[in-house]
Amino acid sequence: MKAKYAALRGTRDLLPDEIGRWLYLENRVRDVFGRYRFQEIRTPVLEATELFARSVGESTDIVHKEMYTLKRGDESVSLRPENTASVVRAFVQHSLHRSLAEGFPARYYYIGPMFRYERPQKGRQRQFHQIGAEVLGSADPLCDAETMEMLCRFLDELGITDRELVLNSLGDPDCRVRYRAALVDWLQPRRANLCEDCRRKSADNPLRVFDCKVEPDQALLADAPEILSFLGDEAAAHLDQVRALLDRYGIAYRIDPRMVRGLDYYQRTVFEVVASGLGSQNAILGGGRYDGLVRDLGGPEVPGFGFAIGMERLIALMPQDRSVAGDADLVLVCLGQEGLDGGVNLARRLRSAGLKVAMPMAVRPMGVQMRRAGRTGAPFALFVGTQELAEGRFGLKNLETGQQETVDEHELFIRLGVKT
RNA sequence: GUGGGUGUAGCUCAGUUGGUUAGAGCAUCUGAUUGUGGUUCAGAGGGCCGAGGGUUCGAAUCCCUCCAUUCACCCCA
């Protein structure tokens with residue numbers, strides 16, 4: 001049979017076989033982030049288009065050509081391409097800054113789908129999922145460093161150890177303006193030697209030329225001016241302190257003065273973590289500081305720091321055994337119509353006690369039931385037939401050892417660890 | 001948007017220079033076993049060979065178009 005409908009390009013179904021890995025990951029997020037007192041926040045998937053244009057930046061590809069935008073009358077709304085803007089919007093809308101105290105920033109995290117209209121490839125989907133967090137209300141280098149320290153702990157606990165933390169500073173806005181001018185001056189006489197894309201980028205968004213993968217361009221750009229030598233005193237001091245703190249945490253990192261992140265709102269610290277084995281899309285998370293964003297979105301002067309993690313990319317890297325099992329605690333093997341009838345009542349009591357109970361919904365041969373029980377991975381099978389129901393005693397078989405004993409209902413609960 | 005790869009059973013894949021009725025493994029189902037599994041054995045179901053057109057006596061195979069998918073570019077998590 002040929003399927004008439006299929007999931008849209010760039011979207012996909014997460015089938016039950018796969019969902020255990022997602023639940024495992026989400027559990028780790030809530031555990032690790034919870035230790036740092038991050039609180040979950042959920043914002044709408046749909047927001048005013050203008051919110052993203054203002055925050056992510058009009059000139060970025062994300063806003064320019066990757067948003068799913070809907071128009072209803074004269075209102076324009078978009079599916080979120082990222083979630084920082086929404087969190088900041090919520091923060092401002094609900095006046096959450098009013099409960100901030102100096103040195104005690106608000107910390108939020110989120111888990112959910114994002115949407116970007118791109119050509120799918122390895123590690124890139126149109127609907128993808130991010131884990132992210134935002135710290136609002138601290139401009140201190142400690143905030144940057146501790147957040148990165150949490151991320152390293154998180155990745156360690158997931159078993160993702162083959163990775164690299166890459167760090168850079170984009171400076172304050174005025175540093176960036178001076179650097180940009182210097183870079184444009186440097187690029188101008190060399191434009192003829194650059195590839196077509198880089199010639200275009202040197203006009204639109206000059207910092208992006210550093211992303212170029214063309215060899216001759218790379219060689220040429222090796223001598224280009226670097227942002228780090230344009231940092232003002234405060235931005236430079238900030239970076240130095242972040243580095244000192246990372247050293248104190250014992251966290252390894254590499255400074256890459258040419259790493260430029262895609263969203264316009266970043267300033268000072270930017271970072272990403274790259275891993276091998278993901279093909280061309282090797283960044284598993286990225287983030288940075290955005291001290292002007294809250295103000296730009298109509299709020300007070302509140303500094304911010306945040307990151308986003310690509311869940312699909314993370315799951316691809318997680319060791320195979322990282323999953324939560326959805327197996328039944330007990331399988332009822334119901335013999336004949338009487339067994340099935342009695343099983344219904346028994347299952348009801350067992351489920352009331354909190355157990356995960358499987359049973360057939362039709363009279364089936366025992367051999368078939370046992371074959372399926374063996375494959376579900378359930379630890380126990382309970383035989384429910386006419387005689388057992390009459391006596392109130394059932395055969396309880398340990399499916400791993402093959403050992404069987406006869407128990408009444410009270411003993412059954414004890415065997416299965418239910419407090420009675 | 002631009003390039004390359006791939007589309008055969010539910011899944012992973014064979015399929016000879018174009019040749020008659022398209023195969024395997026896994027999975028599913030039935031039986032051996034109408035009350036003891038995950039082993040074994042025997043058997044069964046399951047295919048518009050991505051879609052449409054063309055070449056040919058004859059096409060899963062060659063050509064064209066479209067669609068899907070995948071990798072890469074752009075860009076990003």
Side-chain angles (χ1 to χ4, degrees), chain A residues 1-3 5-10 12 15 17 56-57 59-66 80-84 111-132 151 195-198 200-201 204-205 208-209 211-214 259-263 271-275 278-287 306-317 331 333-336 338-339 363-388 394-404:
Chain A
M1 207 189 305
K2 213 184 94 183
Y5 300 107
L8 295 176
R9 163 176 292 166
R12 66 189 208 101
L15 300 178
D17 278 354
V56 177
S59 70
T60 60
D61 279 9
I62 291 177
V63 166
H64 193 237
K65 60 181 194 187
E66 293 177 1
R80 61 186 185 194
E82 59 103 47
N83 204 24
T84 298
I111 301 174
M114 308 294 156
F115 305 85
R116 293 181 198 174
Y117 188 83
E118 301 180 274
R119 285 292 284 268
Q121 67 186 75
K122 191 177 181 68
R124 174 186 298 156
Q125 297 246 288
R126 287 182 175 180
Q127 177 179 339
F128 62 106
H129 298 80
Q130 288 187 332
I131 299 159
L151 282 166
C195 74
E196 192 184 335
D197 278 339
C198 286
R200 178 179 54 75
K201 283 192 277 195
D204 298 350
N205 201 343
R208 296 233 73 91
V209 298
D211 291 336
C212 185
K213 288 168 186 169
V214 179
M259 180 180 67
V260 288
R261 298 208 48 80
L263 295 77
F271 69 101
E272 62 184 31
V273 171
V274 296
L278 287 171
S280 184
Q281 263 56 52
N282 64 348
I284 57 178
L285 65 88
F307 62 83
I309 308 172
M311 291 180 81
E312 282 83 357
R313 294 179 187 181
L314 216 51
I315 281 172
L317 293 172
V331 175
V333 176
C334 301
L335 305 157
E338 282 189 56
V363 176
R364 298 285 288 152
M366 181 171 58
V368 172
Q369 293 189 52
M370 286 303 292
R371 202 181 311 155
R372 298 196 73 91
R375 281 190 283 225
T376 60
F380 293 103
L382 188 78
F383 296 95
V384 184
T386 309
Q387 191 184 334
E388 286 84 349
F394 306 88
L396 177 67
K397 181 163 188 169
N398 184 318
L399 291 172
E400 277 154 41
T401 64
Q403 303 248 312
Q404 187 166 331

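Chain letters run A, B, ... following the sequence lines, proteins first and then strands; every chain starts at 1.
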**Asked** What is the distance, rounded to the nearest whole Å, between atom NZ of Lys122(A) and atom P of U70(B)?
**Response**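 Atom-to-atom, Lys122(A) to U70(B), this comes out as 11 Å.
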Candidates [options] - which lies nearest the side chain of [X]:
X: Gln121(A); options: G37(B), C75(B), C74(B); value: C74(B)
X: Arg119(A); options: C75(B), C73(B), G35(B); value: C73(B)
X: Arg364(A); options: U30(B), A72(B), U36(B); value: U30(B)
X: Arg208(A); options: C76(B), C73(B), G35(B); value: C76(B)
X: Arg313(A); options: U36(B), A77(B), A72(B); value: A77(B)
X: Met370(A); options: C74(B), C75(B), U36(B); value: U36(B)

**Request:** Kindly state whether the pair Phe128(A) / A77(B) counts as stacked, where counting means centroids closer than 5.5 Å and planes tilted less than 30° apart.
**Result:**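 So Phe128(A) counts as stacking on the base.
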Expressed in whole Å, how much space separates the [atom1] atoms belonging to [N] and [M]?
N: A32(B); M: G37(B); atom1: P; value: 13 Å
N: G38(B); M: U28(B); atom1: P; value: 11 Å
N: G46(B); M: G3(B); atom1: P; value: 43 Å

Regarding [N], can its base be found pairing with the side chain of [X] as donor and acceptor, where the two atoms are less than 3.5 Å apart?
X: Glu388(A); N: G35(B); answer: yes
X: Gln404(A); N: U36(B); answer: yes
X: Arg116(A); N: C75(B); answer: no

**Request:** Report which part of the nucleic acid Gln369(A) touches: base, sugar-phosphate, or nothing (heavy-atom distance under 4.0 Å, all strands).
**Result:**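 The answer is nothing, as Gln369(A) stays clear of every strand by at least 4.0 Å.
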**Prompt:** So what does Leu285(A) hit on the nucleic acid, given a heavy-atom distance under 4.0 Å: a base, only sugar-phosphate, or nothing?
**Reply:**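 Counting heavy atoms under 4.0 Å across all strands, the contact made by Leu285(A) is with sugar-phosphate only.
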**Message:** Is it the case that the side chain of Gln127(A) and the backbone of Pro113(A) share a donor-acceptor pair, with hydrogens and angles ignored and the cut-off at 3.5 Å?
**Reply:**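 Not a single qualifying donor-acceptor pair exists.
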**Prompt:** Any chance the side chains of Gln121(A) and Gln281(A) put a donor and an acceptor closer than 3.5 Å?
**Reply:**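 Note: Gln121(A) and Gln281(A) side chains meet the donor-acceptor criterion.
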For [N], the Watson-Crick or wobble partner whose two distances fall under 3.5 Å:
N: G19(B); answer: C57(B)
N: U2(B); answer: A72(B)
N: G43(B); answer: C29(B)

**Asked** OP1 or OP2 of C29(B) sitting under 4.0 Å from any side-chain N/O of Arg372(A)?
**Response**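 Checking Arg372(A) against C29(B): at least one side-chain N or O falls below 4.0 Å of OP1 or OP2.
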**Asked** Within the structure, does a side-chain N or O atom of Gln130(A) lie under 4.0 Å from either OP1 or OP2 of A77(B)?
**Response** no
